[in-house]
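Notes to accompany the following structure.
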Amino acid sequence: MESHPLKGLNINASNDVFVNSVFSSEGTNLRNRSSYMSSDDDMVDITTSGTTGEGTLPTDLQYQPQDSDDIPGIGQYEDFHTIDWQRDIARDRMRHRYIIKRKQNSILDTIKGAHDAWSGWLCVLLVGLVTGTVAGIVDIGSSWMSDLKFGICPDAFWLNMEQCCWSSNETTFGGVKGNCSQWRMWSEIFGSSRVGFWAYIVSYLFFVIFALSFAALAAGLVRVFAPYACGSGVPEIKTILSGFIIRGYLGKWTLIIKSIGIMLAVSAGLSLGKEGPMVHIACCVGNILSYLFPKYGRNEAKKREILSAAAAAGVSVAFGAPIGGVLFSLEEVSYYFPLKTLWRSFFCALVAAFVLRSINPFGNEHSVLYYVEYNKPWNFFELIPFVGLGIIGGCIATIFIKANVYWCKMRKTSKLGQYPVTEVLAVTAITAILSFPNPYTRMNMSQLIYMLFSQCGVSSSDGLCDYVYVSNITVFKNTTSAEAGPGIYRAILLLILALILKLVTTIFTFGMKIPCGLFIPSLCLGSITGRIVGIGMQQLAFRYPHLWIFNGECDSSDDCITPGLYAMVGAAAVLGGITRMTVSLVVIMFELTGGVRYIVPLMAAAMASKWVGDALGKQGIYDAHIDLNGYPFLDSKEEFAHVGLAADVMQPKRGEKLNVLTQDSMTVFEVETLMKSTEHNGFPVVVSQDSQYLVGFVLRRDLILALANLKRNPELYDGNALVTFTITAPQLPPNSPPPLKLKKILDMAPITITDQTPMETVIDMFRKLGLRQTLVTHNGRLLGVITKKDVLRYIKQLDNEDPNTILFN
Amino acid sequence: MLKLSVLVFLLIEITSFIRLTKCQSYENARCNCICTIINNTKISKAQYIANVPPNNDCDSVILPPTNGMQVNNHTEKFCPTCQCKYESRNTTTIKFVVIVVVWVISLLLIYMMFLICLDPLLNNRRRKINYIEHTNEEDESPNHTHLPEVSSQFSVSAVTSSSGVGDSSSSGNVLNRVSHHQDKWKRQVQEQRKNIYDRHTMLN
């Protein structure tokens with residue numbers, strides 16, 4: 001987010017910038033500010049701020065006359081600023097050209113060239129390996145800690161409930177999980193029995209206490225070590241990938257605390273999932289590892305290619321769906337996604353999924369707990385209930401988004417926001433107390449999803465599968481009729497209660513100051529809805545098999561409807577409604593189920609839910625949160641059909657003064673006063689104040705660095721020296737100080753438009769080229785500047801929203 | 001200091017770990033058999049877990065005819081309907097991961113307690129010490145007592161170099177750098193905290 005490079009001194013500085021509001025009020029202390037800058041770099045112990053010209057920079061970066069890498073820090077950005085894609089890509093192109101040119105010189109240079117060529121692949125390989133490992137750790141850790149709420153395996157405390165009884169032959173099918181002598185419930189340890197009133201009380205107490213302590217720990221860690229680790233992270237990743245700098249957001253402390261915090265938060269039994277944070281974790285890994293390769297670590301635009309691949313790896317390990325991950329990166333988070341990045345994401349997702357699969361965190365040979373294998377055919381008429389599920393999913397999603405955004409706004413503006421830890425504890429306590437009595441909410445959400453997804457028959461004797469058995473010994477087949485037993489009605493009642501509880505708690509949970517993702521709760525909401533609808537359909541088909549709707553297909557077979565499939569479709573519908581994903585969602589879902597047979601039902605549900613969602617509310621949850629926080633995100637999905645000209649949007653407005661530098665007639669003093677008196681992040685350079693013919697554009701940050709560099713040698717520093725941006729210095733009177741040549745920090749090719757350019761074109765340029773600002777000219781003379789912030793404000797204004805409050809908090 | 005204790009604890013942990021794995025009663029592979037039991041008019045299912053035979057072929061597992069399930073007169077029908085599946089897991093990985101996670105959490109917890117409770121006190125003291133140091137360069141022993149605790153979280157190289165080089169000026173330099181790093185990190189976290197908890201400009 002940049003200030004207006006040309007905004008006059010006297011114009012209201014209040015609505016200035018994200019920078020000013022976010023950053024401390026000592027805004028003028030710029031040197032201090034720039035010392036914060038390389039925080040991310042420092043975190044991985046690669047300092048980019050070497051001392052000037054002492055050969056600390058690698059030789060391959062001191063090549064081009066244009067580039068100014070001999071002044072430390074140039075080419076980087078300040079915190080909460082937008083990057084200039086074109087400039088960074090041009091810098092990389094120059095670097096690449098230089099390496100190619102040097103290639104023939106010596107063997108060493110050839111090797112350097114080869115290393116440069118494969119470093120992208122190497123980097124994503126490393127990202128994949130590390131992401132897979134971290135995901136494995138998070139999976140194992142969270143499944144162990146979740147079961148700690150119920151009991152412990154005294155002989156081997158590191159095993160969770162299922163693993164504890166894994167090799168025990170006491171388990172019989174359909175028994176309660178953990179029903180073996182090795183696993184001890186807390187009630188057994190502190191009481192005597194596993195059942196009974198007192199055992200229930202003890203279990204209840206331990207459940208709540210463990211939940212509270214896990215949640216308190218998570219909230220405390222986030223608050224003390226890495227506040228950026230809270231939330232799901234997907235809206236921020238989206239904004240960062242669109243070209244925004246948030247220093248420390250992808251640092252190593254964020255990585256550690258987010259990984260640990262999400263384990264704790266999931267184990268606390270809160271209504272949240274680890275899938276969204278996994279994307280953030282993967283991006284942290286990508287950012288940290290990209291510093292091993294200067295090509296990516298020092299170039300923000302190039303770094304985003306690695307981050308896109310990392311986001312794909314994150315989803316890949318979260319759902320065990322590599323292709324779904326790549327598509328998620330493409331559809332949902334990435335902004336700039338060339339084919340090269342697609343292949344790298346593909347590779348990265350593949351490596352990550354492979355690593356996670358070989359860790360085998362759940363002992364089920366799959367990388368997710370709720371992997372189900374389905375092979376039952378579906379009938380054509382079922383498309384109607386599937387579309388119906390999509391509509392229900394869209395409605396649930398809209399309710400969720402509206403309520404959640406309302407609550408987050410409340411939290412932001414009211415006094416509630418002052419008690420982040422108390423809020424976490426309160427929500428945890430309520431969730432734990434309410435969810436223990438209901439067996440479906442007591443269990444881990446992933447387990448619930450698994451149960452709802454799986455078919456009856458082979459699975460447990462849970463109430464959900466209490467069908468009336470029909471023996472058919474002659475055929476020797478396990479035929480269960482579709483007729484519901486009393487257990488099913490009870491299960492449905494409990495599921496409805498669970499649905500309401502989950503919906504309400506998720507609304508309050510998402511946005512709390514702990515790591516929390518949204519995928520699992522929405523899958524859970526959807527699968528509950530789907531299962532209920534599925535059982536309803538099944539009973540309908542059983543009672544009235546000859547209805548016209550069934551088209552005669554349910555006449556012969558008893559179980560023509562599989563409720564588990566409905567659960568799956570419902571999950572896709574709600575998730576699709578909340579995130580507004582389509583393609584990636586369907587791919588993720590069918591990778592989860594291991595069958596391509598259900599693509600059409602899933603597509604139908606996802607489409608229906610997207611339509612309903614779009615009709616009822618404009619945005620998905622991530623876009624709504626981006627809006628709520630006022631991140632400078634220029635959505636490439638929306639279309640604009642507004643009439644407006646560049647002249648209406650540009651700064652300065654009519655009658656205001658345009659702050660410019662001249663190419664060879666300003667002294668150092670004048671430049672410094674101009675910089676002190678204005679807040680702009682860049683200044684156009686013109687031939688002279690009278691002619692206003694454009695020469696180029698110079699960034700404030702580069703100018704500050706260059707002047708600071710000059711000040712280090714006090715004998716050379718002279719306030720009366722001229723600042724020149726030309727190749728040849730102008731004729732100077734004798735015994736005047738030598739001019740300060742700053743041509744190397746001047747951008748000689750700024751993007752320019754004329755004042756009559758329609759705004760649609762301008763917005764398109766900003767979106768497609770990733771511009772940070774464009775200069776507006778009239779008859780070849782400079783008129784003003786349009787920055788990305790101006791464009792965003794313009795869009796807000798046209799949407800009848802307040803441009804100031806929405807964008808800049 | 002903190003680092004050393006961590007190392008010692010890890011060593012203890014590793015030795016106990018090796019000891020435990022020897023007498024492991026939790027196998028890494030099993031045959032998971034799902035059997036259909038037909039009891040007069042009812043069909044029910046049961047799970048039976050068997051040890052893996054040496055050739056790893058779960059189909060050749062011989063299930064005992066009676067294993068606590070109510071199969072009286074249908075034993076001969078019970079056996080052929082079992083389907084066995086070979087399953088494997090790795091308890092060593094699980095153990096290692098869980099222990100590491102527990103360690104990391106407890107370390108973070110201790111460090112959090114340190115930052116919340118002790119650090120403000122120490123900071124006051126350090127400010128005083130720094131003032132003394134200005135007047136008396138040689139007096140650096142109190143600095144040594146508490147700073148390594150801080151440093152261990154941050155930079156391995158700093159610690160090793162300070163132990164390797166006995167020279168007081170260079171080690172002081174390293175310590176300064178480490179504490180400078182820590183201060184910088186603290187400032188950043190403070191900034192993040194301000195953005196999120198006070199001003200609510202981000203991550204709402």
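Convention: sequence-line order gives letters A, B, ...; per-chain numbering from 1. Just so you know, these numbers use all the heavy atoms, side chains as well, and skip hydrogens, waters and symmetry mates.
Under the 6.0 Å cut-off for aromatic ring centres, A/H280 and A/Y249 qualify, their centroids lying closer than that.
Ring geometry, A/F244 versus A/F80: the interplanar angle falls from 30° to 60°, so the pair is classed tilted.
Both the backbone and the side chain of A/F225 have a heavy atom closer than 4.5 Å to some heavy atom of chain B. Using a 4.5 Å cut-off between heavy atoms, A/M145 contacts chain B through its side chain alone, with no backbone atom that close. Heavy-atom distances place the side chain of B/V104, and not its backbone, under 4.5 Å from chain A. There is no contact between A/V138 and chain B, counting heavy-atom distances below 4.5 Å. Heavy atoms closer than 4.5 Å to chain A are found in both the backbone and the side chain of B/I94. When heavy atoms are compared at a cutoff of 4.5 Å, A/Q163 approaches chain B by way of both its backbone and its side chain. Of the atoms belonging to A/L221, heavy atoms from both backbone and side chain fall under 4.5 Å from chain B. Contacts of B/V100 with chain A are absent, with no heavy-atom separation under 4.5 Å from either backbone or side chain.
A/W253 places no side-chain N or O within donor-acceptor distance of the main-chain N or O of A/Y228, the cut-off being under 3.5 Å. Between the side chain of A/K513 and the backbone N or O of B/I196, no donor-acceptor pair lies under 3.5 Å. Remark: the backbone N or O of A/L250 is not paired with any side-chain donor or acceptor of A/T254 at under 3.5 angstrom.
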Audit row: B/E191, B/R187, side-chain contact (heavy atoms from CB on, under 4.5 Å) steps and yes/no: CA-CA 6 Å; B/E191 198 61 44; B/R187 254 203 325 267; over 6 Å; no
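Counting only heavy atoms from C-beta outward, the side chains of A/V234 and A/H625 never approach each other to under 4.5 Å.
Interface check for chain A: of the options B/I116, B/N90, B/I105, the most heavy-atom pairs under 4.5 Å are formed by B/I105. By number of non-hydrogen pairs under 4.5 angstrom with chain B, the leading residue of A/M512, A/M263, A/R223, A/R411 is A/R223. By number of non-hydrogen pairs under 4.5 angstrom with chain A, the leading residue of B/V189, B/V101, B/L109 is B/V189. Contact count versus chain B (heavy atoms, under 4.5 Å) is highest, among A/G141, A/G511, A/G417, for A/G417.
Around the OH atom of B/Y86, the shell of radius 6.0 Å holds more than 12 heavy atoms that belong to other residues, nucleotides or ligands.
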